[in-house]
**Q** 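There's a structure below that I have some questions on.
None of the values given here were measured: they were computed from a predicted structure. The residues of the chain are indexed from 1 along the displayed sequence.
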Amino acid sequence: MKQTVRSHCRICTNQCGVSVTVEDDTITRVRGDFDHPLSKGYTCPKGRALGRLHHHPEAIGRPFMRRAGALQPASWEECLDDIASRLKSVVSKYGPQAIGFYFGSGLGMDAAAYRMGEAFHTALGHSPKFSPVTIDGAAKVLVSSLVGGFPGLTGKTDNENVDMLLYVGVNPVVSHGHNTGMFNPAGPIRAIAERGEVWTIDPLRTETARFSTRHLRPWPGRDHAVLAWLVREVIEGGPLAPAQQVQQLEQLRAALEGYDRVTAARVSGISEDDLAGLLAAVRRHGGVTVETGTGVTMTETANLTQWFAWLLNILTGRMNSKGGVWFHPGFIHQFDSFELPLMNNPFTPGAPTMPHVNGIIGEWPCAALPGEIEAGNIRALINLGGSIVRSFPDANRLVPALRQLDTFVTFEIAANETTALSTHVLPTKDQLERPDISFWDTLSGSLSMLYSPAVVKPSGERRSGWWSIARIMAGMGLALPDDLPEDDQTAGADEEMLARQMAGARCSFEELKETGTVSLPLEFPGRWVDAHIERIGGWLLAPEVLVEEWQRQRQKDDRDGDPPLSFIPRRQRRKLNTSLSFLGSPADIILHPGDAAKAGIADGDMVRVSSTRGEIELTACVDDSIRPGVASIPHGHEIANVNYLTSCDAVDPMTGMVLYSGIPIGIEAVAGRTASGQPVVL
């Protein structure tokens, strides 16, 4: 029987509406839902690949346990009982702090499972926690806390009204923004450029740069110089017109004293004329709205660049203002319904083996995991849906460390290098096999909530993630949340778990289920934001820790010359991080013709790329879209895992964020070699 079911994509946080055609439990077509009130038919290739992801050739359909050194099929009861027994033993011998949790993006897009994972973590007394925050976003949490006094201030560009938009290290045409939720991004960017100006700062001429009014190409990790100079120019010559009260302006002025255009050009690698043109554009439009992405947050100067980006928004009156930045008030947790507390200290204790590095908002740096395992501090790891081997830094050190774990439990839907290292693999329902809601509401581009029913029956023996976590907790004798359904296979159990997440939301679960989408008017400017900033005495322009870091960086910039050949990360249209490799995005390295010629490399050659930590092989793409002295490498590939080039030692001590961009590399042609890779089979 053929049927079409309306759903929404949960591959990324944009969550576009899709229409899924099913024939006899086979998904035959996925296309955009043209009746969806938000995405209006838009999807990207990743969303249209949901059917292929469901029918993945390496799909996991039953539990596996490691016996005699090999993963072997097991029953659910046997596998869950063994996990619970092993974890109880770890707690008994070493304490609950010996169990680490990684809150990956797999179960991170499964509302019920994620909340149950949090309950498990809490029941163990808040064991070491790792998440993608220290893989791609620590600077944003840091700056929103230090400058705005609350880590939940997630800014979005007012795309409908902005007239001067500066993108720094972000490529929303491919990524839909860095947690900003942008449907059909090419359309809005074109419209902004037509009514005003869009400038992009990126070493690579990205898809977004091609739609921009102007494109500037800095050295990797040197964006801070451009923005610092702009801040100084705004303070000294305008447009200085903050929309809210500010404090510490004189301290900021003193910190930037003497930072002139000559210096900014020398440090950034952008010409003085181009910098002058950017400043003229800012003044022409009476301000600037700055949006950043992983091209900023993955660099060693991430904290400074993000800070200066916020300062430009604040000082030119673009924060919580029309044509500037709006802040999501939350749909499930309503930030505008209570007085926000002052939370301007995001620093928390970090990992014992990295005493010089902070934790942030209760999390440990992902870079600390190998050392904690090697030291015997972490004996077991609960991996809630993350491809750890391709996501965490320093795979050379990480992989041997993961093999040392007494217990390594991975929740997954398809086999990969991480499942191959695990002691237990638990198959969860994929996004088309379970009902769900758009759980990460504050990362969307509207005040909305989505619901989708299950589209197909679970493959093989797959079960709900929340159920398997609850079974492990029960087996360990831990307290469970009240009134849990006894079995995920009971009719309505998954939806009952979703209804629990909606308690206190802006609409009831029943209302949401009836319509599929609830989209509410957004108060903008948000009075709740202005009230919070007024209560804390104004935006904190010059937090002491950031000023001190800026002073250190200025001294470093004075010493450093042009950087050596370094690589930057890249998102690909037909891939998302570690998933969807089957769509065919190449594991390639974009090289400037001049850099390629120096190394004797031609377009299409196999290239050995090396760092101080290791090496990988990639296909050369020789193109002048990249600035000289910079190479671009996509992340998330199995056959060319960029984390063999990264290091656990290259960590920002303030946030624990690992350096994933601006890493010096060597390149050489590999004669007669081609890239190859075999699928991982359980």
**Q** Does Arg571 use its side chain to pair, donor to acceptor, with the backbone of Val174 at less than 3.5 Å?
**A** no
**Q** CG/Asn303 to NZ/Lys140 distance, rounded to the nearest 0.5 angstrom?
**A**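 With rounding to 0.5 Å, CG (Asn303) is 13.0 Å from NZ (Lys140).
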**Q** If a pair satisfies side-chain hydrogen bond (donor to acceptor under 3.5 Å, both in side chains) and one of its residues is in residues 224-242, list it, with sequence neighbours excluded.
**A** His224-Asp557, Trp229-Glu233, Glu236-Arg253
**Q** Is there a side-chain contact (heavy atoms from CB on, under 4.5 Å) between Asp595 and Ile626 once you walk through the steps?
**A** CA-CA 10 Å; Asp595 294 321; Ile626 193 85; 5.9 Å; no
**Q** Considering residues, nucleotides and ligands other than Arg527, do more than 12 of their heavy atoms fall under 6.0 Å from its CZ?
**A** no
**Q** For Phe392, what residues pass the ring-ring contact (aromatic ring centres under 6.0 Å, His included) criterion, not counting sequence neighbours?
**A** Tyr102
**Q** Can a salt bridge be assigned to the pair Arg506 and Asp336 using a cut-off of 4.0 Å between side-chain N and carboxylate O?
**A**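 Result for this pair is yes, salt bridge flagged.
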**Q** To the nearest 0.5 Å, how far apart are OG1 in Thr305 and CD1 in Ile201?
**A** 9.5 Å
**Q** I'd like to know if the side chain of Thr289 and the backbone of Gly323 have a donor-acceptor N/O pair within less than 3.5 Å.
**A**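 Side chain of Thr289 to backbone of Gly323, a donor-acceptor pair under 3.5 Å: yes, one is there.
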**Q** Does the Thr301 side chain pair with the main chain of Leu304, one donor and one acceptor, at a distance under 3.5 Å?
**A**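 Not at all, since once roles are kept as given, no pair shorter than 3.5 Å links the two residues.
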**Q** List the steps, then state whether side-chain contact (heavy atoms from CB on, under 4.5 Å) holds for Gln244 with Trp539.
**A** CA-CA 8 Å; Gln244 299 84 25; Trp539 298 105; 2.9 Å; yes
**Q** Under a plain distance cut-off of 3.5 Å, with no hydrogens placed, do Gln15 and Ser438 share a side-chain donor-acceptor pair?
**A**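 Gln15 and Ser438 do not have a side-chain donor-acceptor pair below 3.5 Å.
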**Q** Thinking salt bridges, do Arg613 and Asp649 make one under a 4.0 Å N-O criterion?
**A** no
**Q** In Å, rounded to the nearest 0.5 Å, how long is the span from CG of Leu541 to CG of Leu146?
**A** 12.5 Å
**Q** Taking all non-hydrogen atoms of both residues, which atom of Gln572 and which atom of His637 are closest, and how far apart?
**A** OE1-NE2, 2.8 Å
**Q** If you define the side chain from C-beta out and look only at heavy atoms, does anything of Trp528 sit under 4.5 Å from Pro329?
**A** yes
**Q** Does Asp588 have any salt bridge (Lys or Arg N to Asp or Glu O under 4.0 Å) partners at least two apart in sequence or in another chain, and if so, which?
**A** Arg570
**Q** Tell me, please, which residues at least two apart from Ala599 pass side chain to side chain contact (heavy atoms under 4.5 Å, CB included).
**A** Ile601, Ile667
**Q** Minimum heavy-atom separation for Ala309 to Leu227, with atom names?
**A** N-CD1, 3.9 Å
**Q** Could you work out, with ring-ring contact (aromatic ring centres under 6.0 Å, His included) as the rule, every residue matching Trp307, not counting sequence neighbours?
**A** none
**Q** What's the shortest heavy-atom distance between Val198 and Ile189, and which atoms?
**A** CG2-O, 3.9 Å
**Q** I'd like to know if the side chain of Arg195 and the backbone of Val162 have a donor-acceptor N/O pair within less than 3.5 Å.
**A**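 Between the backbone of Val162 and the side chain of Arg195 there is a qualifying donor-acceptor contact (under 3.5 Å).
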**Q** Could you go through Ile533 and Asn320, starting from their C-alpha distance and side-chain angles, then the distance that decides it, and tell me whether this counts as side-chain contact (heavy atoms from CB on, under 4.5 Å)?
**A** CA-CA 11 Å; Ile533 298 305; Asn320 197 36; over 6 Å; no
**Q** Applying ring pair (Phe, Tyr, Trp, His ring centres under 6.0 Å) as the test, list every pair that has at least one member in residues 328-351; sequence neighbours left out.
**A** Phe150-Phe335, Trp326-His328
**Q** Which residues pass the ring-ring contact (aromatic ring centres under 6.0 Å, His included) test with Phe439, sequence neighbours left out?
**A** Tyr114
**Q** Using a 3.5 Å distance criterion without hydrogens, assess whether the side chain of Arg554 forms a donor-acceptor pair with backbone atoms of Ala255.
**A** yes
**Q** So which atom in Ala367 and which in Cys648 form the shortest heavy-atom distance, rounded to 0.1 Å?
**A**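 Shortest heavy-atom contact: O-SG, 3.4 Å.
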**Q** More than 12 heavy atoms of other residues, nucleotides or ligands under 6.0 Å from CD of Glu523: yes or no?
**A**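 Yes, CD of Glu523 has more than 12 neighbouring heavy atoms, counting only those of other groups under 6.0 Å.
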**Q** Using a distance-only test with no angle check, is there a side-chain donor-acceptor pair under 3.5 angstrom linking Thr263 and Asp260?
**A**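 Yes, side-chain donor-acceptor contact under 3.5 Å.
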**Q** Strictly distance-based, threshold 3.5 Å: is any side-chain N or O of Arg390 a donor or acceptor partner for the main-chain N or O of Gly636?
**A** yes
**Q** Considering only heavy atoms from C-beta outward, does the side chain of Leu153 approach that of Trp310 to under 4.5 Å?
**A**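 A side-chain contact under 4.5 Å exists here.
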**Q** Look up atom CG in Leu252 and atom CD1 in Ile235, then write down how far apart they are to the nearest 0.5 Å.
**A** 4.0 Å
**Q** Among pairs that include at least one residue of residues 198-208, which meet salt bridge (Lys or Arg N to Asp or Glu O under 4.0 Å), considering only residues two or more places apart or in two chains?
**A** Arg205-Asp624
**Q** From Leu166 CG over to Thr213 OG1, what is the distance, rounded to the nearest 0.5 angstrom?
**A**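 The distance works out to 11.0 Å.
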**Q** Got a sec, which residues hit ring-ring contact (aromatic ring centres under 6.0 Å, His included) with Phe308, two or more places apart in sequence or on another chain?
**A**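 Scan of Phe308 (ring-ring contact (aromatic ring centres under 6.0 Å, His included), adjacent residues dropped) gives Trp550.
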**Q** With sequence neighbours excluded, give me every salt bridge (Lys or Arg N to Asp or Glu O under 4.0 Å) pair touching residues 532-552.
**A**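 Listed once each, the pairs are Glu339-Arg535.
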**Q** Salt bridge (charged side-chain N to carboxylate O under 4.0 Å, His left out), that's the test. Do Arg266 and Asp558 meet it? Break it down for me.
**A** CA-CA 9 Å; Arg266 174 181 57 80; Asp558 286 342; 3.4 Å; yes
**Q** Would you say the rings of His532 and Phe327 are close, in the sense that their centroids are separated by under 6.0 Å?
**A**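 Aromatic pair excluded; centres sit 6.0 Å or further apart.
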**Q** Which pairs pass salt bridge (Lys or Arg N to Asp or Glu O under 4.0 Å) with one or both residues in residues 303-321, sequence neighbours excluded?
**A**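 Output for this query lists Asp163-Arg318.
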**Q** Hey, mind stepping through Leu204 and Asn171 against side-chain contact (heavy atoms from CB on, under 4.5 Å) and telling me if it holds?
**A** CA-CA 10 Å; Leu204 177 68; Asn171 185 16; over 6 Å; no
**Q** Could you tell me if the side chain of Val170 sits less than 4.5 Å from the side chain of Thr208, heavy atoms only?
**A** no
**Q** Main chain of Met319, side chain of Asn313: is a donor-acceptor contact present, judged purely on distance under 3.5 Å?
**A**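 Between the backbone of Met319 and the side chain of Asn313 there is no qualifying donor-acceptor contact (under 3.5 Å).
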**Q** More than 12 non-hydrogen atoms from neighbouring residues, nucleotides or ligands closer than 6.0 Å to CZ on Arg214, yes or no?
**A**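 Yes, CZ of Arg214 has more than 12 neighbouring heavy atoms, counting only those of other groups under 6.0 Å.
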**Q** Would a 4.5 Å heavy-atom cut-off, applied to side chains only, mark Glu291 and Met182 as touching?
**A** no
**Q** Does Lys129 count as lying over the ring of Phe103, i.e. NZ or CZ under 6.0 Å from the six-ring centre, within 45 degrees of the axis?
**A** yes
**Q** Would you name the heavy atoms of Phe211 and Ala186 that are closest together and state the gap between them?
**A** CE1-CB, 3.7 Å
**Q** Please report, to 0.1 Å, the donor-acceptor pairs under 3.5 Å made by any side chain of residues 653-664, with sequence neighbours excluded.
**A**
| residue | atom | partner | partner atom | Å |
| --- | --- | --- | --- | --- |
| Thr655 | OG1 | Asp652 | OD2 | 2.8 |
| Thr655 | OG1 | Met657 | N | 3.1 |
| Tyr660 | OH | Ser391 | O | 3.0 |

**Q** Is there a side-chain hydrogen bond (donor to acceptor under 3.5 Å, both in side chains) between Ser444 and Asp441 once you walk through the steps?
**A** CA-CA 6 Å; Ser444 73; Asp441 53 336; over 6 Å; no
**Q** Would you name the heavy atoms of Cys12 and Leu576 that are closest together and state the gap between them?
**A**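 Closest heavy-atom pair between Cys12 and Leu576: CB-CD2, 4.0 Å.
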**Q** Would you compute the distance between atom NE2 of His592 and atom CD1 of Ile590 and round it to the nearest 0.5 angstrom?
**A** 12.5 Å
